[in-house]
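Single-structure report; data block below.
No experiment lies behind these values; they were computed from the predicted model shown. Reckoned from all heavy atoms, side chains included, excluding hydrogens, waters and symmetry mates. Both ligands and their constituent atoms are indexed starting at 1 by order of listing.
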Amino acid sequence: MHVLSVASEAYPLVKTGGLADVVGALSAALAPHGIETTTLLPGYPSVVKSLGRAKAIRRWDDLLGTPARLLGGRIDGHPLLVLDAPDLFARDGGPYADATGRDWDDNWRRFAALGRAAADLAGQFDLVHAHDWQGAMAPAYLRYDGAQVPSVLTIHNIAFQGRYDAAVFAGLGLPETAYALDGVEYYGGVGLLKAGLASADAITTVSPSYAEEIRHGEFGMGLEGLIEARRDRVSGIVNGIDPAVWSPETDAALPARYTARTLSRRRTNKRAVEQAFGLDGDDGPIFVVVSRLTWQKGMDVLAGQLDAMVAMGGRLALLGSGDAALEQAFRAASNRHPGRIGVRIGYDEALSHLLQGGGDAILIPSRFEPCGLTQLYGLAYGCVPVVARTGGLADTVIDANEAAVAAGVATGIQFAAVTPDGLSQALRRTMALYAQPDPWSTMQKQGMRADFSWTRSGARYAELYRSLVAA
Ligand SMILES: Nc1ncnc2c1ncn2[C@@H]1O[C@H](COP(=O)(O)OP(=O)(O)O[C@H]2O[C@H](CO)[C@@H](O)[C@H](O)[C@H]2O)[C@@H](O)[C@H]1O
């Protein structure tokens, strides 16, 4: 089977978050099931450059108003297609925003063009798998083209919806009838994710709990009615992690590599974390954070608990970037507590590996979390996850309640309320567990033994694809 996977990022070519990790890993996850995945990405400058001298496979004189061509390449040995449309993608800055962080005004056109190109190419594939709002127009174009190729749309985060003014509809190149309640119309404007959700043959989210949560107002963020109406098409398939990239035994970013049997080697990495973040050397735990600094991730609540954490004897090494006010709050905390709180504002892939390989516990106090990958990396690296009980975090971490600790099955600490009290209790519980070396190392080893490889989830996607292609 040949599948076209359409997304705005894919590791290792372009990454701003977890979407890239998953899209980058899918091709290898599906190959054992006889599925060849071709990934279609926008031609950002770095992506086009990575292709070297590539020949155009196809050209458009007018792809939603702009000339474009299709270039071929490989991503980790798997087929790659790149939509080279310089008017849309040849810009400095990030995939979605300029260097100052301001979203590009024409994002609707940039990612609708990606979807339009995918639909134009779909005839060469058995199925199209689109990701998030940036890929979501692919199923919509397929539907309004009357194409026979089935489509899957995966929601990695329903908070990002690609919502625009009604005026952009005219630029989408769709029939008038598409501006309708069951089409692209969304609260009086245009919704790209909404259009995809209304059109795809199947909808997946990245954990079973999140699939359930988004049927309700608090998590559905305006799309709960549509999700509920299409619930027989919605399923949750939990993300895996790519062992070629995330494995403490082989990780080149770690000063000391280790396994569950050689956990004491982590001490060398812990010293490296202390150095990198200017932390005091002592025997207490180092909490780590690798995250976008946003409301979703509960970073405001964490910022409010840092004085308490330091008073308990904890230290923190934080790597992240995001909201300016939160960046400032963490910097200020680090100035207040030199040697106890170290902060690195920015994006650094290698440092994120070091934190997992040297930190004692990774904090993830998310208000909602479709799946979450950093807790899975934490589990694989013996960096115990301390997580809010929501979405994929609830599905992947076994809380260290008394029964679970006694049975030796706990893999982390869960807490229910993302509030100052909820988080400070979780920190206190973590400190108390850390003070008991045996249960703590049992918890680390349990996490490292848990299987979050793509084996099971790859099989689930393959099964879903087959059910649609056969239909
Ligand atoms: N400053 C930094 N430097 C280096 N690396 C950094 C970094 N900040 C974050 N990262 C990395 O970015 C990724 C974040 O992935 P997550 O799944 O945790 O969240 P995200 O919200 O981006 O993804 C969305 O999509 C994914 C994929 O489906 C879902 O798991 C998730 O719940 C959903 O919100 C991880 O690989 C992490 O290590």
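In terms of protein heavy-atom proximity, atom 32 (O) of ligand 1 is nearest to E369 OE2, 2.5 Å. Protein heavy atom at the shortest distance from atom 1 (N) of ligand 1 is G346 O, 2.8 Å. Given atom 30 (O) of ligand 1, the protein heavy atom at minimum distance is G372 N, 2.7 Å. Counting only heavy atoms of the protein, atom 18 (O) of ligand 1 lies nearest to L373 N, 3.4 Å. In terms of protein heavy-atom proximity, atom 6 (C) of ligand 1 is closest to Y347 CE1, 3.4 Å. The nearest protein atom to atom 23 (O) of ligand 1, hydrogens excluded, is given as G18 N, 3.5 Å; this is a heavy-atom distance. Scanning all protein heavy atoms for the shortest distance to atom 33 (C) of ligand 1 gives H156 O, 3.2 Å. Protein heavy atom closest to atom 21 (O) of ligand 1, with residue, atom name and distance, is R292 NH2, 2.6 Å.
Looking at L19 against ligand 1, only its backbone comes within 4.0 Å, counting heavy atoms. Within the 4.0 Å heavy-atom criterion, neither part of L351 lies near ligand 1.
A salt bridge links R215 with E228: at least one charged nitrogen is closer than 4.0 Å to a carboxylate oxygen. A salt bridge links R367 to D300: one of the charged nitrogens lies within less than 4.0 Å of a carboxylate oxygen. Look at R429 and D399 and you find a salt bridge, because one of the NZ, NE, NH1 or NH2 atoms lies within 4.0 Å of a carboxylate O, short of that distance. The pair D280-R315 does not count as a salt bridge, with every side-chain nitrogen at least 4.0 angstrom from each carboxylate oxygen. Ionic pairing of E274 and R271 is present here: one or more N-O contacts between side-chain nitrogen and carboxylate oxygen are shorter than 4.0 angstrom. At a threshold of 4.0 Å, the pair R389-D395 does not count as salt-bridged, since none of the basic side-chain nitrogens sits closer than that to a carboxylate oxygen. Look at D307 and R336 and you find a salt bridge, because one of the NZ, NE, NH1 or NH2 atoms lies within 4.0 Å of a carboxylate O, short of that distance.
Proximity of Y210 to ligand 1 is not established, as no heavy-atom distance is less than 4.0 Å. The closest approach between any non-hydrogen atom of Q356 and ligand 1 is not below 4.0 Å. Ligand 1 lies within reach of S291, whose nearest heavy atom is under 4.0 Å from it. Residue contact annotation: K297 has a non-hydrogen atom under 4.0 Å from ligand 1. Residue contact annotation: R344 has no non-hydrogen atom under 4.0 Å from ligand 1.
Here is the list of ligand 1 atoms found below 4.0 Å of a heavy atom in D21: 35 (C), 36 (O). Taking a cut-off of under 4.0 Å to the non-hydrogen atoms of V206, the atoms of ligand 1 that pass are 28 (O). The ligand atoms of ligand 1 that sit less than 4.0 angstrom from a heavy atom of V22 are 27 (C), 28 (O). The Q296 neighbourhood of ligand 1 comprises atoms 34 (O), with distances under 4.0 Å to a heavy atom of that residue. Heavy-atom proximity to G320, at under 4.0 Å, picks out these atoms of ligand 1: 1 (N). Set against the non-hydrogen atoms of N157, the atoms of ligand 1 under 4.0 Å away are 34 (O).
Counting heavy atoms from C-beta on, the side chains of T38 and L121 never come closer than 4.5 Å. Looking only at side-chain heavy atoms (C-beta outward), R257 and E249 stay at 4.5 Å or farther from each other.
Atom CD of Q328 is surrounded by more than 12 heavy atoms from other residues, nucleotides or ligands within 6.0 Å.
On a distance-only criterion, D348 and ligand 1 share at least one N/O pair closer than 3.5 Å. Ligand 1 has an N or O atom lying under 3.5 Å from an N or O atom of C371, backbone or side chain. The shortest N/O to N/O separation between T16 and ligand 1 does not fall below 3.5 Å.
Both tests hold for R163 against Y186: distance to the six-membered ring centre under 6.0 Å, angle to the ring axis within 45°.
Annotation: W133 is in aromatic contact with F111 [ring centroid separation under 6.0 Å]. Ring centers of W440 and Y434: under 6.0 Å apart, within the cut-off. Taking the six-membered ring where the residue is Trp, the centroids of Y461 and H33 are separated by 6.0 Å or more.
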